[in-house]
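Take a look at the structure set out below.
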Amino acid sequence: MDNRDEVLGGLLTLGFDEASCISRVHSHLYRKVSPHRPSPYLISKLRNYEQIHASCGPNTRTYHRNMRKIQLSKDNNATATTCNYLIWTPVNGLGNQIISIAATFLYAILTDRVLLLKFGKDKLALFCEPFLNSTWILPHNSPFWKEIYIQTYQIEKDNASNSKSVLFINLQHSHSDSSHKEKFHCDHLQNLIRKTPLLILRSDQYFVPSLFMNPLFNLEINKMFPEKDTVFHHLGRYLFHPSNEAWELITNYYQAHLAKADELIGLQIRVFNAVSTPQQAIMDLVLSCTLNHKILPKVDLQTSTSSVGKNGSVKAVLVASLYEEYGDSLRRMYQKKPKGSGESIEVYQPSHERKQIFNDGKHNLKAWMEMYLLSLSDVLVTTSLSTFGYVAQGLGNLKPWLLYRIVRNETHFPACEQDFSMEPCYHDPPKHYCEGKPLKDFASSFPSLKECKDFSFGVKLVDDRTKL
Ligand code: GDP
């Protein structure tokens with residue numbers, strides 16, 4: 001086995017017990033080799049982070065000593081500790097959570113903090129531990145599991161307070177007080193946070209563009225990621241290894257249905273409002289996109305032959321949706337074609353949960369399995385604004401075709417457009433500069449940020465060469 005592939009160009013470190021996380025060593029057998037190599041600087045930052053995590057993380061004496069100190073001084077001015085900590089607290093669906101963990105990890109690297117995740121039972125079976133001989137899960141006996149900390153240690157609106165030993169910052173999209181999100185990249189807030197040994201951060205967003213807006217972080221991110229649209233691609237593949245349970249589901253499904261196909265098309269159909277949006281309108285949109293862009297062949301219903309593709313070749317379509325009707329409808333359409341004429345289209349849909357369920361481990365496993373399978377696609381079609389799709393595109397180095405997000409039964413042309421970057425979109429960027437002036441045009445102030453195609457209020461990192 002080629003070691004270079006196994007460690008993803010030096011992104012991963014060796015030394016893990018293979019049996020405890022089979023996906024870490026086998027994922028390269030399923031995924032194409034990425035043309036994007038991690039930079040030596042990124043690799044050195046990751047190795048440095050791993051050392052910090054190993055010496056300050058849970059199960060170390062240093063961790064217990066520091067946490068005790070923080071706990072004792074939580075109501076006072078910041079105490080000095082030998083390591084600083086960053087607790088990520090979840091909100092919203094799994095896609096939101098995965099992209100926000102990646103952003104939080106980047107922030108942890110940039111600020112030399114140990115990242116700890118508040119993972120409930122619903123997420124314990126999803127991922128392997130990413131850091132050697134340690135855990136990234138906030139120990140269940142930690143007092144900082146209590147929501148009370150969140151209420152009590154809010155960073156004050158005017159940010160004028162002295163730094164405390166514990167601070168809470170809310171970067172959640174729908175949070176009514178936007179002052180934290182607006183100012184997160186600003187030096188005065190970062191200076192305050194820097195003195196705080198424990199920061200609790202809640203987010204459902206990929207706030208990397210906001211970090212990029214801070215001059216110091218910007219310098220570092222530029223050095224770590226010379227190709228700027230690869231931040232999630234690298235950090236996502238570094239952090240999110242399917243657990244053995246998830247890996248078994250993924251590989252069993254892949255072997256049973258997808259491995260024999262000549263091409264894999266991922267089709268993610270996210271319906272944000274099932275009550276107001278008729279299924280036919282969504283199906284029309286999907287067909288208009290996939291047929292017009294020759295992602296799928298047209299079927300001549302008279303002769304029942306498909307119009308493109310080599311005789312005998314197989315295209316597998318992996319449908320991810322809460323609703324089985326989409327997979328069924330597509331399957332019926334292609335079943336009409338007699339075998340042997342043109343290419344065969346085989347349609348698979350692993351699950352149809354009908355609704356999003358919160359705090360449910362089995363439900364999350366299915367979602368994670370589907371995000372991962374979608375990331376193995378050759379061509380990916382996703383729904384605008386869906387973070388579920390963002391995870392798949394980023395892991396898979398895919399610039400997806402973005403389905404227009406219809407909310408009623410309107411028709412839209414074009415039905416989809418191909419994205420210019422595989423990075424997730426940050427839906428909630430600051431609307432002001434730090435000194436308060438409105439920030440209207442990101443691109444002129446930050447040449448590596450561009451308005452998202454699927455959400456004009458959002459921004460994402462773009463490889464400068466693409467932008468020219
Ligand atoms: P977003 O809301 O589309 O940005 O994606 P999230 O992943 O944050 O939240 C949607 C959640 O609904 C997922 O995490 C799943 O729990 C569920 N869900 C939505 N679409 C699908 C799907 O296609 N397959 C599965 N298994 N679950 C889905």
Side-chain angles (χ1 to χ4, degrees), residues 88-104 119-123 125-127 171-174 202-207 232 236 240 242 245-246 249-250 253 265-274 277 279 282-283 286 317-330 347-377 380-395 400 402-407 419 423-428 452 454-455 457-458 460:
W88 170 89
T89 75
V91 64
N92 235 318
L94 190 62
N96 280 96
Q97 296 183 21
I98 290 177
I99 58 170
S100 76
I101 292 172
T104 309
F119 263 9
K121 283 201 189 88
D122 62 315
K123 282 181 281 286
L126 302 182
F127 311 110
L171 304 180
Q172 185 182 349
H173 191 183
S174 58
R202 172 179 287 166
S203 168
D204 55 358
Q205 288 290 310
Y206 184 72
F207 54 86
F232 184 80
F240 302 109
E245 187 180 352
L249 286 174
I250 291 166
Y253 198 90
I265 311 294
L267 181 52
Q268 185 237 354
I269 305 176
R270 175 86 167 104
V271 183
F272 285 99
N273 192 339
T277 328
Q279 277 178 1
I282 294 177
M283 206 55 217
V286 169
V317 185
L318 179 81
V319 178
S321 177
L322 289 172
Y323 306 100
E324 66 192 315
E325 290 82 349
Y326 297 108
D328 286 351
S329 161
L330 211 57
V347 179
Y348 300 100
Q349 181 169 350
S351 78
H352 43 84
E353 295 283 278
R354 295 221 79 82
K355 62 177 191 324
Q356 174 171 358
I357 308 173
F358 290 92
N359 304 319
D360 181 318
K362 288 269 171 286
H363 176 80
N364 280 344
L365 255 181
K366 290 181 196 168
W368 174 219
M369 167 203 182
E370 286 167 41
M371 287 180 211
Y372 199 95
L373 286 171
L374 286 174
S375 79
L376 304 178
S377 307
L380 181 63
V381 180
T382 58
T383 303
S384 285
L385 264 152
S386 172
T387 58
F388 193 102
Y390 293 170
V391 174
Q393 75 199 36
L395 294 178
L402 289 161
L403 287 170
Y404 175 75
R405 184 186 166 193
I406 48 174
V407 281
D419 210 339
E423 275 284 283
C425 175
Y426 180 25
H427 293 159
D428 202 12
C452 305
D454 59 334
F455 188 56
F457 297 109
K460 64 159 82 180

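Numbers for residues simply follow the sequence, beginning at 1. What you are looking at is a predicted structure, and each value in this text was computed from that prediction instead of being measured. Counting starts at 1 for both ligands and their atoms, in listed order.
- Between F240 and F127, the distance separating the two ring centers is shorter than 6.0 angstrom.
- What sits closest to atom 4 (O) of ligand 1 on the protein, heavy atoms only, is T387 OG1, 2.6 Å.
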Worksheet item: After noting the C-alpha distance and the side-chain angles of K362 and D122, does the key distance pass the salt bridge (charged side-chain N to carboxylate O under 4.0 Å, His left out) rule?
Response: CA-CA 8 Å; K362 288 269 171 286; D122 62 315; over 6 Å; no
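- Ligand 1 has no nitrogen or oxygen under 3.5 angstrom from a nitrogen or oxygen of I357.
- In terms of protein heavy-atom proximity, atom 23 (O) of ligand 1 is closest to S321 N, 2.9 Å.
- Here the two rings, on H427 and F455, have centers that are under 6.0 Å apart.
- No option in S377, S321, S386 other than S386 meets the side chain to side chain donor-acceptor pair (under 3.5 Å) test with Q268.
- Residues D204 and Q97 have side chains not in contact (no heavy-atom distance under 4.5 Å, counting atoms from C-beta outward).
- In this structure, the side chains of D419 and K460 come closer than 4.5 Å at one or more pairs of heavy atoms.
- Not one N or O on the side chain of N364 forms a donor-acceptor pair closer than 3.5 Å with the backbone of N359.
- Contacts with ligand 1 closer than 4.0 Å are made by side-chain heavy atoms of H363 only, the backbone lying farther away.
- Nearest non-hydrogen protein atom to atom 7 (O) of ligand 1 is G95 N, 2.7 Å.
- What sits closest to atom 14 (O) of ligand 1 on the protein, heavy atoms only, is L94 N, 3.1 Å.
- Taking the ring centre of F388 as origin, the terminal cationic atom of R270 falls outside the region bounded by 6.0 Å and 45° from the ring axis.
- Of the heavy atoms in S351, only side-chain atoms (C-beta onward) come closer than 4.0 Å to ligand 1.
- Of the protein's non-hydrogen atoms, the one nearest atom 9 (O) of ligand 1 is G93 CA, 3.4 Å.
- Protein heavy atom nearest atom 8 (O) of ligand 1, with residue, atom name and distance: N96 OD1, 2.6 Å.
- Comparing heavy-atom distances from atom 22 (C) of ligand 1 across F358, F388, Y390 singles out F388 as nearest.
- Residue L322 places a heavy atom less than 4.0 Å from ligand 1.
- The single protein non-hydrogen atom nearest to atom 11 (C) of ligand 1 is Q356 CD, 3.4 Å, given as residue, atom name and distance.
- For ligand 1, the atoms closer than 4.0 angstrom to any heavy atom of A320 are 23 (O).
- Distances from atom 26 (N) of ligand 1 to the heavy atoms of H352, R270, E370 put E370 nearest.
- Proximity of R202 to T89: side-chain heavy atoms (C-beta onward) are separated by under 4.5 Å at one or more points.
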